[in-house]
Amino acid sequence: MTGLVRDFLYAQRVQAPVELYSDWLAVGNVNEFVTFVPTSDKKRFRMLLASPAACYRLFREKQKEGQGEATMFKGKGTAPGYSGADTKRVTINKVLANDGLAQQNQYVQRCVDWNRDILKKELGLLEEDIIDLPALFKLDKQGKAVALLPQHGKEGLPPKKNTAGSARVTMIVLGRDLGIPKPFGPVAGGECCLERRIRALLEPLGLCCRFLEDVSSYHGSLGEVRCGTGVQRRPFAFKWWNFTP
């Protein structure tokens with residue numbers, strides 16, 4: 001954020017800005033790792049964070065269940081830049097066996113946790129107010145993090161920075177309906193295990209998860225569904241600009 005914009009926000013004196021760190025990301029938008037969804041309980045919202053640790057826990061769980069050969073990006077052979085042969089080469093076993101990828105995601109998790117601590121302090125959040133959504137990242141040549149796409153490379157993992165697979169946090173929130181980028185994760189038991197886990201985390205809160213295919217339209221250019229959509233919100237009934245801090 002430029003100093004001019006930062007000074008402008010602080011000068012409003014309506015709500016003090018919460019400054020987060022996103023320079024570890026290739027694109028650098030905070031909505032790549034954090035967003036908020038409404039709930040009907042006393043808290044009225046939950047904070048969602050992208051979590052490589054949660055993704056590795058899920059994949060190890062599936063591996064122990066004998067699903068280690070489940071493939072990622074199944075059914076996307078017709079998408080530009082992908083072929084059916086490519087998708088067969090990326091499995092849960094290969095992801096978990098890649099030590100370099102694991103180290104990169106440990107770094108990303110530390111960056112997310114740094115921001116987690118800031119948000120907990122500034123917003124008065126407890127751990128129960130936070131939901132960790134499974135996510136995987138990969139560092140580009142500049143050492144910046146991008147979401148991981150299961151497009152095969154030298155070791156069955158993606159060599160490119162055009163990525164997908166972890167950007168579930170970059171959803172669009174339409175009241176109780178969530179437009180979530182389709183992860184095309186490992187298919188275990190006839191269903192994408194990432195979609196199943198996300199539903200298990202969010203639907204008990206009264207939210208409806210709708211997974212949208214945006215790989216060809218946005219993801220190839222480091223975007224997600226939020227990059228091409230907007231929401232018209234109902235304005236406050238009171239004149240918020242007259243609010244006295």
Side-chain angles (χ1 to χ4, degrees), residues 14-22 24-25 29-65 96 102 105-137 145 147-148 165-183 185-186 188-189 191-212 224-226 231 233-234 236 240 245:
V14 173
Q15 180 179 2
V18 176
E19 297 191 43
L20 302 178
Y21 297 93
S22 63
W24 49 276
L25 289 160
N29 295 330
V30 296
N31 63 18
E32 295 176 65
F33 65 88
V34 62
T35 194
F36 297 86
V37 294
T39 62
S40 57
D41 56 13
K42 184 178 179 181
K43 195 68 178 183
R44 298 184 64 185
F45 71 89
R46 290 292 188 280
M47 182 172 75
L48 310 184
L49 286 176
S51 174
C55 192
Y56 271 89
R57 284 195 298 270
L58 174 61
F59 281 11
R60 292 191 186 100
E61 176 186 314
K62 294 304 172 185
Q63 187 182 55
K64 289 181 180 179
E65 293 174 357
L96 294 179
N105 276 277
Q106 288 169 6
Y107 162 73
V108 170
Q109 187 64 60
R110 290 195 296 271
C111 293
V112 173
D113 288 343
W114 187 10
N115 287 288
R116 183 195 202 98
D117 291 340
I118 294 172
L119 287 161
K120 286 177 65 176
K121 178 182 177 181
E122 295 293 336
L123 302 181
L125 301 178
L126 302 175
E127 278 299 316
E128 63 192 42
D129 302 320
I130 304 171
I131 297 176
D132 294 305
L133 294 188
L136 283 181
F137 291 81
L148 176 64
S166 75
R168 302 321 102 220
V169 170
T170 58
M171 64 182 72
I172 184 166
V173 180
L174 301 165
R176 299 289 178 182
D177 293 298
L178 309 179
I180 307 172
K182 192 172 180 64
E191 183 181 4
C192 170
C193 65
L194 290 174
E195 289 189 22
R196 185 186 302 123
R197 180 56 53 89
I198 292 169
R199 285 196 175 100
L201 291 169
L202 300 180
E203 289 184 348
L205 298 174
L207 301 169
C208 179
C209 301
R210 302 180 185 276
F211 294 94
L212 309 177
E224 287 301 343
V225 64
R226 283 172 65 165
V231 180
R233 305 290 183 184
R234 184 182 296 112
F236 292 114
W240 60 267

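The first residue of the sequence shown is numbered 1, and numbering continues consecutively from there. Everything numeric in this text was worked out from a predicted model, so none of it was measured.
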Original post:
Taking the side chain as C-beta and beyond, is there a heavy-atom pair between P134 and F59 under 4.5 Å?
Top reply: no
Subject >> Main-chain N/O of Y21 paired to N115 side chain as donor or acceptor, under 3.5 Å >> reply: yes
**OP:** Show your working on side-chain contact (heavy atoms from CB on, under 4.5 Å) between L125 and K43 and close with a plain yes or no.
**Re:** CA-CA 9 Å; L125 301 178; K43 195 68 178 183; 3.8 Å; yes
Original post:
Looking at residues at least two apart in the chain, or sitting in another chain, which of them share a side-chain contact (heavy atoms from CB on, under 4.5 Å) with R60?
Top reply: Y56, L96
Original post:
Do I131 and L205 come close enough that some side-chain heavy atom pair is under 4.5 Å?
Top reply: yes
Subject >> Over all atoms of both residues, closest heavy-atom pair of G175 and P38 >> reply: O-CG, 3.3 Å
**OP:** Return the set of residues passing side-chain hydrogen bond (donor to acceptor under 3.5 Å, both in side chains) with Q109 (not counting sequence neighbours), or none when no residue passes.
**Re:** S51, D113
Original post:
Between D132, N105, L136, which is the residue that forms a side chain to side chain contact (heavy atoms under 4.5 Å, CB included) with C55?
Top reply: L136
Original post:
Can you find a heavy atom in the side chain of V108 that is under 4.5 Å from one in the side chain of F33?
Top reply: no
Original post:
Residues two or more places apart in sequence or in another chain: which of them pass side-chain hydrogen bond (donor to acceptor under 3.5 Å, both in side chains) with E127?
Top reply: R116, K120
Subject >> Nearest-0.5 Å distance that lies between atom CD in E32 and atom OG1 in T35 >> reply: 12.5 Å
**OP:** Looking only at non-hydrogen atoms, find the nearest pair between R176 and G206 and report the distance.
**Re:** CD-O, 3.7 Å
Original post:
Among all residues two or more places apart in sequence or in another chain, which pass the side-chain hydrogen bond (donor to acceptor under 3.5 Å, both in side chains) test with D117?
Top reply: none
Original post:
What residues form a side-chain hydrogen bond (donor to acceptor under 3.5 Å, both in side chains) with D129, not counting sequence neighbours?
Top reply: none
Original post:
side-chain contact (heavy atoms from CB on, under 4.5 Å) with C209: which residues, sequence neighbours excluded?
Top reply: I180, I198, R199, L202, E203, F211
Subject >> Check: M171 and L133 side chains under 4.5 Å, non-hydrogen atoms >> reply: yes
**OP:** Tell me, with the steps shown, if L212 and K182 meet side-chain contact (heavy atoms from CB on, under 4.5 Å).
**Re:** CA-CA 5 Å; L212 309 177; K182 192 172 180 64; 5.9 Å; no
**OP:** List for me each residue that meets salt bridge (Lys or Arg N to Asp or Glu O under 4.0 Å) alongside E122, sequence neighbours excluded, and say none if there are none.
**Re:** none
**OP:** Output, in order, the C-alpha distance, side-chain angles, deciding distance and verdict of side-chain contact (heavy atoms from CB on, under 4.5 Å) for Y107 and W24.
**Re:** CA-CA 10 Å; Y107 162 73; W24 49 276; 3.4 Å; yes
**OP:** Using the test side-chain contact (heavy atoms from CB on, under 4.5 Å), find all partners of E65 that sit at least two apart in sequence or belong to another chain.
**Re:** E61, K62, Q67
Original post:
Looking at CG of N31 and CG of L20, how far apart are the two atoms once the value is rounded to the nearest 0.5 Å?
Top reply: 11.0 Å
Original post:
Under the salt bridge (Lys or Arg N to Asp or Glu O under 4.0 Å) test, which residues partner R210, sequence neighbours left out?
Top reply: D177
Original post:
Closest approach of A188 and R196, non-hydrogen atoms and distance?
Top reply: O-NH2, 2.8 Å
Original post:
Looking at residues at least two apart in the chain, or sitting in another chain, which of them share a ring-ring contact (aromatic ring centres under 6.0 Å, His included) with F36?
Top reply: F45
